[in-house]
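Computed from a predicted structure; not experimentally measured.
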Amino acid sequence: MSEAGHDAAWIAANRAMWDERVPLHAASALYDQEGFRAGRDEIRDFEAAEVGDVTGKRLLHLQCHMGQDTLSWARRGAASVVGLDFSEPAIVVARGLAADIGLADRAAFVVSDVYEAPAAVPDEDYDIVYTGIGALYWLPDIERWAETAASLVAPGGFLYLAEFHPFLNVFGWESVTEAKEDYFRSEPLVTDEPGSYVEIEAETIDNLSYARIHTLGDIVSAICAAGLRLEFLHEHGVTVFQQFPELVRGDDGYFRLPKGRPQLPLMYSLKASRPV
């Protein structure tokens, strides 16, 4: 199979997997859509501080899933937001949420593979291109992703990424005490197991998925090679859900390793701008 054919099969399998899990996610306590309709904000405090004031900005959210982060930026004052995801069921949920909270006039959601985003979104470029929280892991080609994302950043605008740290992929879900995968592994990680991160025991049918460990160096290098200027790269010792049993939840809502344990980077964030 050619590389293009392999990537197409990879994306098709992942799409089927995500499509089936949308109802599980929409009904889950983790996504808490009733709380979201009532006004709960999905944007993490460090994201808000690093992105800054979005009032009057045009924002594009790549790989938006059900659009709750996307709509949170609209609630924070973005003039318009566009969410893009390859899962049609997820986009149907996102459009429904936008209508429910009265933001359908400022929020558009489109169904597209992320690599085809320039042809799918309504505008040629955006002040802010936003993505992250479990997005890049599922992609076969990080260089092509970076070129696509960079092409959508308007002059004077920026790409902002908040993600789980790729180093965590060397550990199994059971513990962060033993490395089980090669951080520099070039082969895809293939999984064929039922369930979802919102319900591990869920009975599901479309379980085949492909992922890849894109190293932090590969991600940053790809973004810079695509013509953007790196403004900052921050590594965080906290994460947004209990990825490992050892993690404990603090009063701030974040999960981290207990005090007294050597701390690890659990998330990272970066901003890369396009010069005027």
Side-chain angles (χ1 to χ4, degrees), residues 41-86 90-91 94-95 97-98 103-136 138-139 141-163 214 216 218-234 267-276:
D41 189 359
E42 297 282 2
I43 305 304
R44 279 56 58 173
D45 56 358
F46 70 88
E47 292 181 287
E50 292 174 348
V51 169
D53 185 9
V54 298
T55 302
K57 303 293 187 180
R58 299 171 302 123
L59 182 143
L60 169 64
H61 182 183
L62 299 176
Q63 295 169 269
C64 70
H65 196 32
M66 298 181 298
Q68 289 171 228
D69 286 15
T70 323
L71 292 168
S72 291
W73 288 116
R75 279 174 163 168
R76 285 174 171 268
S80 65
V81 296
V82 177
L84 176 145
D85 199 89
F86 70 170
I91 291 299
R95 289 170 178 162
L97 284 173
L103 287 175
D105 60 330
R106 287 196 286 128
F109 290 95
V110 296
V111 179
S112 173
D113 173 60
V114 68
Y115 294 125
E116 307 301 325
V121 296
D123 295 323
E124 181 177 316
D125 56 26
Y126 293 84
D127 303 312
I128 302 168
V129 176
Y130 168 81
T131 193
I133 312 296
L136 300 190
W138 303 101
L139 299 178
D141 187 336
I142 199 65
E143 289 81 12
R144 186 179 172 199
W145 168 83
E147 291 166 0
T148 301
S151 74
L152 291 162
V153 177
F158 61 87
L159 168 70
Y160 179 80
L161 170 64
E163 257 288 17
H214 303 294
L216 191 58
D218 286 345
I219 294 164
V220 172
S221 296
I223 289 169
C224 293
L228 299 182
R229 178 184 181 276
L230 186 67
E231 300 287 340
F232 61 73
L233 168 63
H234 296 155
M267 295 187 73
Y268 70 95
S269 55
L270 65 81
K271 178 180 178 182
S273 61
R274 179 173 297 285
V276 176

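- In this structure, CD on E50 lies 9.5 Å from CG on D45, to the nearest 0.5 angstrom.
- Within the 4.5 Å cutoff, side-chain heavy atoms of L233 are placed close to those of L216.
- Seen from the ring of Y115, R144 counts as a face-on cation partner, given the 6.0 Å and 45° thresholds.
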Q | Chi angles and distances behind the side chain to side chain contact (heavy atoms under 4.5 Å, CB included) call for C64, I91 | A | CA-CA 8 Å; C64 70; I91 291 299; 3.9 Å; yes
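- Taking every heavy atom of both residues into account, G156 and V276 meet most closely at CA-CG2, 3.6 Å.
- The minimum heavy-atom distance linking T148 with A117 is given by the pair CG2-CB, 4.2 Å.
- Taking 4.5 Å as the limit, some side-chain heavy atom of R58 sits within range of a side-chain heavy atom of D125.
- Heavy atoms only, all atoms of each residue included: L71 and A107 are closest at CD2-CB, 3.6 Å.
- L97 places a side-chain heavy atom less than 4.5 Å from the side chain of Q68.
- Put simply, the side chain of L161 reaches to within 4.5 Å of the side chain of Y268, judged on heavy atoms.
- A distance-only check finds no donor-acceptor pair linking the side chain of S221 to the backbone of D218 [under 3.5 Å].
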Q | Test log, rule side chain to side chain contact (heavy atoms under 4.5 Å, CB included), inputs I43 and R75 | A | CA-CA 10 Å; I43 305 304; R75 279 174 163 168; over 6 Å; no
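- The two atoms that bring A226 and A146 nearest to each other are CB-O, 3.6 Å, heavy atoms only.
- The shortest distance between side-chain heavy atoms of E47 and Y130 falls below 4.5 Å.
- Atom CD1 of I223 and atom CD of E147 lie 12.0 Å apart (nearest 0.5 Å).
- No side-chain heavy atom of F109 sits under 4.5 Å from any side-chain heavy atom of D85.
- The backbone N or O of E42 lies less than 3.5 Å from a partner atom in the side chain of R44, making a donor-acceptor pair.
- One distance of note links CG of L270 with OH of Y160; it measures 8.0 Å at 0.5 Å rounding.
- No donor-acceptor pair under 3.5 Å is formed between the side chain of Q63 and the backbone N or O of L136.
- Judged by distance alone, with hydrogens and angles left aside, the side-chain atoms of E116 form no donor-acceptor pair with the main-chain N or O of D113 at under 3.5 Å.
- L230 CG to K271 NZ: the interatomic distance, rounded to the nearest 0.5 Å, is 11.0 Å.
- A 4.5 Å side-chain heavy-atom check between V129 and L62 finds at least one atom pair inside the cut-off.
- Residues A162 and F46 come closest through the heavy atom pair CB-CE1, 4.2 Å.
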Q: Give the intermediate values and the outcome of side chain to side chain contact (heavy atoms under 4.5 Å, CB included) for residues H61 and V81.
A: CA-CA 7 Å; H61 182 183; V81 296; over 6 Å; no
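- One finds the CH2 atom of W145 at 7.5 Å from the CD1 atom of I219 (value rounded to the nearest 0.5 Å).
- When atom types are taken as modelled, the side chain of H214 and the backbone of L139 share a donor-acceptor pair closer than 3.5 angstrom.
- We find the OG-CG distance between S80 and L103 to be 11.5 Å, quoted to the nearest 0.5 Å.
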Q: Apply the test side chain to side chain contact (heavy atoms under 4.5 Å, CB included) to residues R274 and L152: give CA-CA distance (whole Å), side-chain angles for both, the deciding distance (0.1 Å), then the verdict.
A: CA-CA 10 Å; R274 179 173 297 285; L152 291 162; over 6 Å; no
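- A 6.0 Å sphere centred on NZ of K57 holds no more than 12 heavy atoms belonging to other residues, nucleotides or ligands.
- What you find for A90 and H65 is that their closest heavy atoms are CB-O, 3.5 Å.
- In this structure, I133 and M267 have side chains that are in contact, with non-hydrogen atoms separated by less than 4.5 Å.
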